[in-house]
Amino acid sequence: MSCSKDMSRREFLWDAVRTMTWGALSLTCIPALAEAAGPAGLVQLTKTRTKKLYGFLVDTTKCIGCTKCVDACKVENHVPDGNFRTWVERYVYFKDGTVQVDMHSRTAPYVFEDLPPEKAKDVVKSFFVPKLCNMCEDSPCLQVCPVGATYRTEDGFVLVDKERCIGCSYCVQACPYGMRFINKETHTADKCTWCYHRVQQGGKTACAEACPTGARLFGEISDPESEISKLLGEKRTEVLKPYLGTHPKTRYVGLAAEVV
Amino acid sequence: MISKDTRHLWTLAGVLAAGAIGAVAARQLLVPASYGTLGPFRADHMREEAARAATVTTTAECVECHEGVGKMSAEGPHKSVHCMNCHGVGRAHAERCRAAAAGSGAETCEGPAAVTADLHSEKSAAECMRCHRKMVGRPAEHKQVAPVRHAEKKGSEEPDGPAVCAECHLSHDPSQAPEEQAAVDPEASAG
């Protein structure tokens with residue numbers, strides 16, 4: 001190929017034809033390559049699932065704000081004081097159109113403060129919203145981890161390997177739901193695991209185990225006969241911040257536009 | 001006699017080879033064995049995490065021994081309440097009782113001595129109030145009381161006492177009077 005400045009128009013056009021021909025030919029190889037990669041090829045990896053899949057359904061209309069779930073989670077996962085892998089928020093709507101959001105105390109017992117009587121009389125409606133990891137199918141926290149400390153298991157749990165985590169906090173900032181924190185004892189990122197260990201041992205999450213009203217329901221969504229599958233079929237459910245495209249697996253009943 | 005240029009090439013090849021060997025060795029040392037086997041992460045972490053011991057007890061575990069009280073609770077208004085909600089986690093107690101039952105532990109599992117630090121059985125009004133204190137946010141259909149006022153109205157002598165609820169309500173089945181408990185499961189209610 002001639003690169004001299006005085007290239008003639010004829011030479012230039014021939015070069016262009018050659019380049020395009022070889023380019024087009026090389027592109028035709030791609031499907032053949034993907035086929036050669038066999039069952040583990042790019043295309044199949046994303047769709048084939050043989051493992052169980054789990055889901056979490058939070059019914060905010062049933063939550064009584066007893067925070068027994070918070071107790072259970074703290075004990076189960078040794079969460080340091082001041083941090084939470086799961087917590088409960090309270091949304092209170094007043095006559096003047098304002099909305100107040102608060103959470104329980106940060107130390108045990110995790111109780112909600114009483115509203116002053118002059119405010120309490122103007123309450124229009126109020127409810128609790130338990131928060132926990134959404135186990136997003138497109139998790140921002142996983143995408144930003146620079147060292148492969150955060151990963152997704154085949155059955156959909158997003159976990160943190162504290163041996164690999166360097167504590168850069170990138171994932172803490174990336175999670176749009178504020179689920180992650182830096183554990184002050186290990187100095188690594190920490191988050192709700194949907195009690196991966198309990199589930200692998202045949203149980204359910206500690207918070208769902210502790211919930212006395214059935215506001216937290218954990219179950220296998222790959223089994224059409226499970227309680228959660230039936231409820232997901234019956235009820236109209238929502239996810240938090242659907243506009244972010246994170247595709248959360250934690251679904252809610254009874255959300256309001258103010259809940260984020 | 002090797003020419004100067006050829007020697008240069010051999011030196012370069014040597015340096016590159018040493019670098020490559022060094023890089024492979026460093027990778028072997030620094031990258032954990034299971035890294036990359038299931039994806040860009042250390043697969044062994046998944047196994048370690050899955051093997052972590054569960055702490056929170058389930059009601060099913062408790063009723064293995066506390067059958068009577070479990071049945072009573074399951075038939076009353078507190079049927080969805082779990083043992084651990086009021087009694088604490090009780091993992092140490094459960095394990096100790098299992099070991100005692102299997103004959104592998106020196107400890108026995110009878111009487112108040114079996115109550116461990118992560119377990120309590122006092123009739124504490126504070127525990128009742130975690131769910132039943134009148135509070136903004138709770139669904140209207142959920143039973144709630146203004147603690148002291150309710151007890152005063154019902155004629156309690158110690159309306160702000162630590163065990164005031166138990167004066168009238170049987171915690172395992174609030175639809176029954178407190179005297180019923182002993183008749184059902186004296187052993188379990190003591191321990």
Side-chain angles (χ1 to χ4, degrees), chain A residues 60-68 71-73 75-78 88 90-92 100 102 109-115 119-120 123 126-128 145 147-154 157 159-164 193 195-201 203-207 209-214, chain B residues 30-32 34-36 38-61 73 77-92 118 124 126-144 146-147:
Chain A
T60 62
T61 62
K62 287 184 179 171
C63 182
I64 58 168
C66 66
T67 63
K68 289 289 177 187
D71 276 349
C73 177
V75 173
E76 184 70 40
N77 300 302
H78 319 289
V88 182
R90 177 169 64 175
Y91 288 74
V92 187
Q100 178 191 308
D102 64 351
Y110 309 101
V111 288
F112 285 87
E113 267 182 41
D114 280 326
L115 294 183
K119 284 192 93 178
V123 172
S126 57
F127 53 88
F128 297 102
C145 180
V147 294
T150 282
Y151 62 96
R152 185 182 292 105
T153 66
E154 278 176 294
F157 295 75
L159 304 178
V160 187
D161 180 354
K162 62 173 184 283
E163 268 184 41
R164 285 198 72 76
T193 61
C195 286
Y196 181 72
H197 59 300
R198 294 180 68 93
V199 176
Q200 298 305 313
Q201 291 160 28
K204 53 184 174 183
T205 68
C207 59
E209 196 68 70
C211 182
T213 64
Chain B
L30 296 173
V31 179
S34 69
Y35 189 92
L38 294 174
F41 60 92
R42 194 172 64 91
D44 276 348
H45 175 259
M46 212 164 86
R47 291 174 202 120
E48 287 159 20
E49 184 69 15
R52 188 151 71 86
T55 307
V56 166
T57 44
T58 64
T59 300
E61 282 178 87
S73 180
H78 272 175
K79 58 178 176 290
S80 64
V81 180
H82 307 283
C83 306
M84 48 121 16
N85 287 155
C86 310
H87 294 292
V89 167
R91 172 56 62 196
D118 63 346
S124 158
E127 288 293 348
C128 308
M129 289 303 113
R130 280 287 286 273
C131 295
H132 293 293
R133 185 167 62 92
K134 194 165 173 52
M135 190 164 88
V136 170
R138 292 199 158 141
E141 60 272 23
H142 177 67
K143 283 201 168 141
Q144 302 159 60

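Letters A, B, ... are given to chains in the order of the sequence lines, protein chains preceding strands, and every chain is numbered from 1.
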Is B:H82 reaching over with its side chain to a backbone N or O of A:E209, donor-acceptor style, under 3.5 angstrom?
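Yes; at least one donor-acceptor contact below 3.5 Å.
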
Give, as side chain, backbone, both or neither, the part of [X] having an atom under 4.5 angstrom from any heavy atom of chain B.
X: A:C63; result: backbone
X: A:V75; result: both
X: A:D71; result: side chain
X: A:L115; result: side chain
X: A:V160; result: backbone
X: A:Q201; result: side chain
X: A:C211; result: backbone
X: A:T67; result: both

Contacting region of [X] [heavy-atom separation from chain A under 4.5 Å]:
X: B:M46; answer: both
X: B:V89; answer: side chain
X: B:Q144; answer: neither
X: B:A126; answer: neither
X: B:K134; answer: backbone
X: B:A140; answer: neither

State the CD-CE distance between A:E113 and B:M135, to the nearest 0.5 angstrom.
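So the CD of A:E113 and the CE of B:M135 are separated by 11.0 Å.
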
Find the distance between CG (B:N85) and OG1 (B:T59) and round it off to the nearest 0.5 Å.
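Reported to 0.5 Å precision, the distance equals 7.5 Å.
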
Residue among A:K62, A:K68, A:Q200 with most heavy-atom pairs under 4.5 Å to chain B
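Greatest number of close heavy-atom pairs with chain B: A:K68.
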
Who among A:Y110, A:F112, A:Y151 has the most heavy-atom pairs with chain B under 4.5 Å?
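Between A:Y110, A:F112, A:Y151, the count favours A:Y151.
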
With a 4.5 Å cut-off on side-chain heavy atoms, are B:P139 and A:I64 touching?
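Side chain of A:I64 against side chain of B:P139, heavy atoms only: contact under 4.5 Å found.
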
Is the shortest side-chain heavy-atom distance between B:H142 and B:C131 below 4.5 Å?
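A side-chain contact under 4.5 Å exists here.
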
B:R91/B:E61 salt bridge by N-O under 4.0 Å criterion
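A salt bridge is present here (some side-chain N lies under 4.0 Å from a carboxylate O).
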
Considering residues at least two apart in sequence or located in another chain, which fulfil the salt bridge (charged side-chain N to carboxylate O under 4.0 Å, His left out) criterion with A:R164?
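For A:R164 there are no salt bridge (charged side-chain N to carboxylate O under 4.0 Å, His left out) partners, ignoring immediate neighbours.
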
Restricting to salt bridge (charged side-chain N to carboxylate O under 4.0 Å, His left out), what partner residues turn up for B:R133, sequence neighbours left out?
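Expected list: A:D114.
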
Is the gap between the ring centers of A:Y91 and A:F128 under 6.0 Å?
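Ring centroids of A:Y91 and A:F128 are no less than 6.0 Å from each other.
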
Test salt bridge (charged side-chain N to carboxylate O under 4.0 Å, His left out) applied to B:E127 and B:R130, step by step:
CA-CA 5 Å; B:E127 288 293 348; B:R130 280 287 286 273; 5.2 Å; no

